[in-house]
Amino acid sequence: MYRHLRFQTQCFYQRGFSLLELLVVLVLVGILMGGVTMAINQGGPEKELNDIVGKFTAYADHASEMAILSGKPLGLMLEPPEWQENPLDAGWRYRWQTMTLEGWTDYEDLPAIEIPKEIKLYVTLENQLWEWENAPEVRLPIIAFYPGGDLTDFEIEFTFDSFDLDISEHVAVDEWGRIVWTEKVEMLEEIAEELGE
């Protein structure tokens with residue numbers, strides 16, 4: 001009996017896998033990998049837009065603080081695709097500048113940011129839509145952060161431009177002169193209300 005059992009065990013290990021068994025394993029691995037990919041890319045365009053708005057808000061906060069700490073105005077230079085070398089392939093771009101004796105120069109502590117071309121920006125300055133098409137040839141920052149804590153009143157709408165999606169986020173100056181991500185603030189207020197705070 002021991003020999004018979006040993007023979008069956010050897011046969012089991014030597015026969016390998018059938019084609020059907022291999023296909024089942026491959027399908028299961030594919031399904032699992034698809035689930036992992038979806039978990040990593042969770043949110044898709046919404047997450048991409050949120051990341052861009054979050055980064056812009058953080059940089060704007062930093063620029064506002066640095067203007068106060070350095071005693072020098074900082075400015076936000078917004079550049080639509082049409083101002084760039086390859087407008088059909090480009091998206092919006094923004095960079096930060098500081099005021100020096102020579103005029104506005106790039107602020108090296110904050111890098112220039114390229115926004116994907118699927119995301120459009122609509123900029124309101126002092127309650128007026130910014131018409132960049134009519135901007136003068138000399139490009140200057142359109143939003144300024146001053147050492148006294150004041151800044152240009154603005155609102156920027158970030159919109160994902162797609163046929164099947166209608167999502168947008170807003171960054172603005174609130175009534176206390178703070179830069180806020182409007183939707184995020186509203187969500188936090190709703191949560192606070194639900195928790196009774």
Side-chain angles (χ1 to χ4, degrees), residues 43-163 165-174 177-185:
E46 291 91 347
K47 183 180 184 314
E48 182 180 16
L49 185 62
N50 285 344
D51 289 347
I52 289 166
V53 174
K55 180 181 281 190
F56 175 83
T57 305
Y59 282 10
D61 281 336
H62 178 76
S64 182
E65 291 171 8
M66 290 311 298
I68 295 168
L69 294 173
S70 69
K72 296 178 183 177
L74 264 74
L76 173 65
M77 173 73 82
L78 279 171
E79 300 170 315
E82 287 76 5
W83 289 10
Q84 299 172 49
E85 289 182 20
N86 299 310
L88 295 177
D89 299 326
W92 281 75
R93 186 171 97 131
Y94 66 88
R95 55 194 164 100
W96 303 90
Q97 296 192 319
T98 185
M99 177 58 80
T100 66
L101 294 173
E102 292 81 31
W104 290 103
T105 58
D106 285 341
Y107 181 64
E108 295 180 6
D109 288 351
L110 291 174
I113 301 295
E114 305 278 342
I115 297 175
K117 65 180 182 177
E118 297 82 19
I119 296 174
K120 308 298 181 199
L121 270 59
Y122 300 94
V123 183
T124 303
L125 303 171
E126 308 288 350
N127 297 317
Q128 295 285 326
L129 187 65
W130 179 48
E131 297 179 6
W132 51 264
E133 300 93 340
N134 301 327
E137 288 298 318
V138 178
R139 309 293 190 212
L140 297 171
I142 62 166
I143 296 170
F145 302 82
Y146 299 102
D150 300 313
L151 66 152
T152 308
D153 184 28
F154 73 90
E155 179 180 2
I156 301 177
E157 179 182 357
F158 295 77
T159 302
F160 200 93
D161 188 25
S162 172
F163 292 111
L165 284 175
D166 184 22
I167 52 173
S168 62
E169 301 288 332
H170 301 77
V171 176
V173 179
D174 70 7
R178 298 174 305 185
I179 300 156
V180 296
W181 180 354
T182 309
E183 287 78 10
K184 189 174 182 180
V185 168

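Nothing here was measured: the structure is a model prediction, and the numbers come from that model. Heads up: numbering here begins at 1 and tracks the sequence.
Pro116 and Ile52 make their closest contact through CD-CD1, 3.5 Å (heavy atoms, listed as atom of the first residue, atom of the second, distance).
Rounding to the nearest 0.5 Å places CE of Met77 at 8.5 Å from CZ of Arg139. Here NZ of Lys72 is found 5.5 Å from OG1 of Thr98. Values are rounded to the nearest 0.5 Å. Rounding to the nearest 0.5 angstrom, the gap separating the CD atom in Glu65 from the CG atom in Leu74 is 11.5 Å. Note that the CG atom of Asp153 and the CD atom of Glu155 stand 9.0 Å from one another [nearest 0.5 Å]. Atom NE2 of residue His170 and atom OG1 of residue Thr159 lie 6.5 Å apart, to the nearest 0.5 angstrom. The distance from the CD1 atom of Ile113 to the CZ atom of Phe56 is 10.5 Å, given to the nearest 0.5 Å.
Of the possible donor and acceptor atoms, none in the side chain of Ser64 sits under 3.5 Å from a partner among the backbone N and O of Ala60. Between the side chain of Gln84 and the main chain of Gly91, a donor-acceptor pair closer than 3.5 Å is present. Under the 3.5 Å distance criterion, the side-chain polar atoms of Glu126 are left unmatched by any main-chain donor or acceptor of Thr152.
Residues that satisfy the side-chain hydrogen bond (donor to acceptor under 3.5 Å, both in side chains) test with Glu114, not counting sequence neighbours, are absent from this structure. Applying the side-chain hydrogen bond (donor to acceptor under 3.5 Å, both in side chains) criterion to Asp106, with sequence neighbours excluded, gives Arg95, Gln97. Every residue meeting the side chain to side chain contact (heavy atoms under 4.5 Å, CB included) condition with Asp174, not counting sequence neighbours, appears here in chain and number order: Trp176, Arg178, Val180.
In Lys120, the NZ atom is crowded: over 12 heavy atoms of neighbouring residues, nucleotides or ligands sit closer than 6.0 Å. Within 6.0 Å of CD on Glu131 lie no more than 12 heavy atoms contributed by other residues, nucleotides or ligands.
Residues Trp130 and Leu121 are not in side-chain contact: their nearest non-hydrogen atoms beyond the backbone lie 4.5 Å or more apart. At least one side-chain heavy atom of Trp92 sits less than 4.5 Å from a side-chain heavy atom of Leu78. Residues Leu76 and Ile142 form no side-chain contact, since every pair of their non-hydrogen atoms from C-beta on lies 4.5 Å or further apart.
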task = Kindly indicate, with the supporting measurements, whether the criterion ring pair (Phe, Tyr, Trp, His ring centres under 6.0 Å) is fulfilled by Phe145 and Trp96.
result = CA-CA 10 Å; Phe145 302 82; Trp96 303 90; 5.7 Å; yes
Trace of the side chain to side chain contact (heavy atoms under 4.5 Å, CB included) decision for Trp83 with Arg93 = CA-CA 10 Å; Trp83 289 10; Arg93 186 171 97 131; over 6 Å; no
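Between Tyr107 and His62, the ring-plane angle classifies as tilted under the 30° and 60° cut-offs.
The pair Asp51-Lys55 fails the salt-bridge criterion, with no side-chain N (NZ, NE, NH1 or NH2) lying under 4.0 Å from an Asp/Glu carboxylate O.
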